[in-house]
Amino acid sequence: MPQPWQDTSLSAEDRAAALLSSMTLEEKLAQLAGAWPGSEAEEGEDVAPLQHEVSEAVDLDGLLPHGIGQLTRPFGTSPVEPAEGAAALARLQARIAAGNRFGIPALAHEECLTGFFAWRATVFPTPLAWGASFDPALVGRAAGLIGGSLRSAGIHQGLAPVLDVVRDARWGRTEESIGEDPYLVATIGTAYVRGLESAGIVATLKHFAGYAASRGGRNHAPVSIGPRELADVVLPPFELAVRDGGARSVMHSYNDVDGVPSAANPWLLTELLRDTWGFTGTVVADYFGVSFLELAHRVADTRGGAAGLALAAGVDVELPAVRCFGTPLRDAVRAGEVDEALVDRAALRVLRQKCELGLLDPDWSPMPSALAGAVDSAGTADVDLDHDLDLDLDPPEMRAVARELAEESVVLLADDGDVLPLAPDARIAVVGPLADDPAAMLGCYTFPRHVGVEHPGLPLGLEVPTLFAALRAELPGARITHAEGCAAPGPAASAGDAGGAASAGAAALTAESRLAQAARAAADADVCIAVLGDRSGLFGRGTSGEGCDAADLELPGEQGALLDTLVATGTPVVLVLFTGRPYALGRWSSLLAAAVQAFFPGEEGGPAVAGVLSGRVNPSGRLPVSVPYAPGGQPWTYAQPPLGLGENNASSIDPTPLFPFGHGLSYTSFAWERPEADATEVATDGETTVRLTVRNTGDRAGTEVVQLYLHDPVARIARPVSRLIGYARVPLRPGESAEVHFAFHADLASYPLGADGTRVVEPGALELRLASSSADSAVRHTVPLRLTGPERTVDHRRRMVCEVRVK
């Protein structure tokens, strides 16, 4: 007869409570921490902050009798054949369940920011590219596929999406973020959450909260924003993803906000997240985040003290491994320094989630679906894994969606109309250190750039066409040559680095000879494609990525000088950027024939960009972050109050970007007919619908991205001049038209008036701006509105999304 906690007719809450009541303190604590097998054997560079300084050897045999709460990165720690990894995880889970008296397995988590974080798995575009797509539906489809892949291999929780709103593009983790606008981040991020959760994977919102607003764009640096900015910019993406996305986990951030570390902030992790928003899932620590309360923030002087602060604030699980939530927390509880009720609170949440995932069901098996028929119920492989079992983590369906997302995310920044699309028989010089380098496509949270570089000689494990190779396939009748022009940006590539061989070849040439070679190649061509940008890495081992913050937004390394040399040849130059952040391009704004931006577009990025250059793909990407004119003047984003703009002549620094948020060109043209509104006077609790007809007036099929901004002329606090409140992708054939309906609710005009985050909708004049970007010059039509009636106070139940229909 099953035990009460195995009775599936009971609620998950009741089952978890029954199990909790039978557990010792040690068994409860065991559920509140992870184990990271294999991490201590990795002798390379850190893949998590201070990994080798803080990590301790994993005594798996010592942990088993009490149980293990989570398994950290079973696939994302070292290279393993997918089938072998799934079988090894199944065997380990069987061992964990057999090792404790309740038969509780671990919950296995993995990174999934650009796909399943495993060797040979599909690499999707980085989140900044999701933002550039302005396509929540497609991002949700990608997330559903990623979730299915994780689930099939035995993973339960994915550490994504990142919902940090970019506040300073010098921050190295800009590439992991969706953009600089909270509405775009909220809607795209929530779509990703829904997709992941639809596959049965626990989505984990990162990093709660304020991480991207650090001083000077420095990783882990303190955050000094006010409560209104926190409420209006930082928190809404998390709020929507919890409320509408159904996210079941949240990861606290490393930073402090006004002196209070997120891991020790009960207002953030309990009062707001749970008591106000109604979150019922688990709060997990960012790796070593609990230890950092002692070692970095210095708000605790012992491991037990750090554990007590985190537990009281609302952190349920210490990751990646047990250091504070084990013996130090046990001793603090027994000494009366920490209330055991806090342990019970966290353990109940963890056990309830394990019930929801089926891990406490009587028929639970460690065998994931990918091993059906290949592994017995004890998790013991009975086949030759090298020959009898093939676990494909990069199937055609996933590559197809990765290609579609990459194509939609490519932004045509500038185009003089004379060169693009490329002539099929043109003489083309493809120049730049990233032109024939697979690493150009990959962000720092991809397996090849995060782990693979630490394993010399390891193959990429999947096909990642370079732009040079993709152009040759795209334009077989063209004469295409290649020159590197300068060294790859960032530290010298290791032997195992993607593109390492190309970098080694470049090192044999002097800087002058490389430039001369590039100049000759460009001069002999009809058009020069300059392929520049970032090489992602970790903690200073790249020009973009975690711990790779930038002093300014100048193109890294020698690439600016190379671009100067190329434009000086007189050959038309098309700039192609593969980057993890925007870079200042004002120096070349009048010298380029065209400019194309791709934010680490993943394994299909080369063919996607080649398709845009050839004209096979009509570009529809829009900037999720502004592209600055000059490299200084940071931090800056478009959603500024009047004195934050460059129009008041009060400063010698003009932050006006070269290309604004939302900007992007097409090879066709669109006409926007004058909009109509159902009503222009709306109650402070009412709504109206705005209708706009968009027509493709060109000779190519294309997609217009209609953006709806709100302008509030007068408010009781300084407000952004305009902010995005809606958008729609409108695909149209030549001559075709469609009607776009925006359902505007007065709640969308709310703003935090009080320092406590209280939001109000006040009566008065508003203006809706239908625009092709956030720039004033891009406003196509305006719709004046007046809100009438009493001022209203709204809360987390307010309307946060402008519903859109295209018909």
Side-chain angles (χ1 to χ4, degrees), residues 132-138 141 400-401 403-426 474-475 574 593-597 607-623 659-660 662-678 689-709 724 726-744 768-775 777-783 802-807:
S133 77
F134 275 69
D135 194 343
L138 180 56
R141 280 174 52 205
V401 174
R403 169 77 74 94
E404 187 177 356
L405 185 52
E407 290 178 348
E408 287 194 3
S409 71
V410 178
V411 183
L412 180 59
L413 297 176
D415 181 17
D416 66 8
D418 294 333
V419 173
L420 295 184
L422 295 170
D425 58 351
E474 186 81 28
L475 299 170
V574 175
V596 174
Q597 173 70 64
V609 173
V612 167
L613 296 176
S614 73
R616 175 179 55 82
V617 175
N618 194 346
S620 62
R622 300 294 185 265
L623 283 175
F659 301 113
H663 168 78
L665 302 179
S666 170
Y667 292 143
T668 192
S669 57
F670 300 93
W672 298 19
E673 298 178 6
R674 183 166 295 279
E676 297 179 348
D678 287 349
T689 296
V690 176
R691 296 179 302 280
L692 171 76
T693 297
V694 179
R695 187 180 308 278
N696 184 341
T697 56
D699 58 2
R700 293 172 179 261
T703 297
E704 180 67 299
V705 179
V706 179
Q707 300 159 48
L708 180 65
Y709 293 86
L724 185 72
Y727 57 88
R729 288 179 59 88
V730 188
L732 296 169
R733 295 187 295 271
E736 188 178 22
S737 66
E739 195 171 72
V740 185
H741 291 217
F742 290 102
F744 170 81
L768 299 181
R769 297 176 171 180
L770 292 151
S772 56
S773 81
S774 60
S777 59
V779 176
R780 303 289 186 88
H781 298 288
T782 61
V783 178
C802 182
E803 299 297 336
V804 179
R805 287 184 299 151
V806 179
K807 59 181 190 175

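- Atoms CG and CZ, from Asn618 and Arg700 in turn, are 6.5 Å apart once rounded to the nearest 0.5 Å.
- A side-chain donor-acceptor contact under 3.5 Å links Gln707 to the backbone of Gly662.
- No more than 12 heavy atoms of other residues, nucleotides or ligands lie within 6.0 Å of CD in Glu676, so this atom counts as exposed by the packing criterion.
- Between Tyr727 and Phe134, the shortest heavy-atom distance links the atoms CE1-O, 3.5 Å.
- The shortest side-chain heavy-atom distance between Ser773 and Arg622 does not fall under the 4.5 Å cut-off.
- For Val694, the side chain to side chain contact (heavy atoms under 4.5 Å, CB included) partners at least two apart in sequence or on another chain are Phe670, Trp672, Leu692, Glu704, Val706, Leu732, Val740.
- Taking all atoms of both residues into account, the shortest heavy-atom contact from Asn696 to Gly702 is ND2-N, 3.7 Å.
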Could you tabulate the donor-acceptor pairs under 3.5 Å formed by side-chain atoms of residues 414-424, not counting sequence neighbours?
| unit_1 | atom_1 | unit_2 | atom_2 | d |
| --- | --- | --- | --- | --- |
| Asp415 | OD1 | Gly417 | N | 3.0 |
| Asp416 | OD1 | Asp418 | N | 2.9 |

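- Taking each heavy atom of Ala132 and Val411 in turn, the nearest pair found is CB-CG2, 4.2 Å.
- Taking Ser669 as the reference, Thr697 meet the side chain to side chain contact (heavy atoms under 4.5 Å, CB included) condition, with sequence neighbours excluded.
- With sequence neighbours left out, the salt bridge (charged side-chain N to carboxylate O under 4.0 Å, His left out) criterion links Glu739 to no other residue.
- The two atoms that bring Arg729 and Val806 nearest to each other are O-CG2, 4.1 Å, heavy atoms only.
- Across Val617 and Tyr667, no two heavy atoms sit closer than the pair O-CE1, 3.9 Å.
- With sequence neighbours excluded, the residues forming a ring-ring contact (aromatic ring centres under 6.0 Å, His included) with Phe659 are His663, listed by chain and number.
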Quick one: side chains of residues 608-616, donor-acceptor pairs under 3.5 Å with protein atoms, not counting sequence neighbours, listed by atom name and distance.
| unit_1 | atom_1 | unit_2 | atom_2 | d |
| --- | --- | --- | --- | --- |
| Ser614 | OG | Glu474 | OE2 | 2.9 |
| Ser614 | OG | Ala610 | O | 3.4 |
| Ser614 | OG | Gly611 | O | 3.1 |
| Ser614 | OG | Arg616 | N | 3.2 |
| Arg616 | NE | Glu474 | OE1 | 3.3 |
| Arg616 | NE | Glu474 | OE2 | 2.8 |
| Arg616 | NH1 | Glu407 | OE2 | 3.3 |
| Arg616 | NH2 | Glu474 | OE1 | 3.3 |
| Arg616 | NH2 | Pro607 | O | 3.1 |

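- Looking at Thr782 and Leu770, their side chains never come closer than 4.5 Å, going by heavy atoms from C-beta outward.
- Across all their heavy atoms, Val783 and Ala677 have their closest contact at CG1-CB, 4.0 Å.
- The distance from the NE2 atom of His741 to the CG atom of Asp678 is 8.5 Å, given to the nearest 0.5 Å.
- Residues Cys802 and Leu708 have side chains in contact (heavy-atom distance under 4.5 Å, counting atoms from C-beta outward).
- With rounding to the nearest 0.5 Å, the separation of CZ in Arg780 from CD in Glu673 is 12.5 Å.
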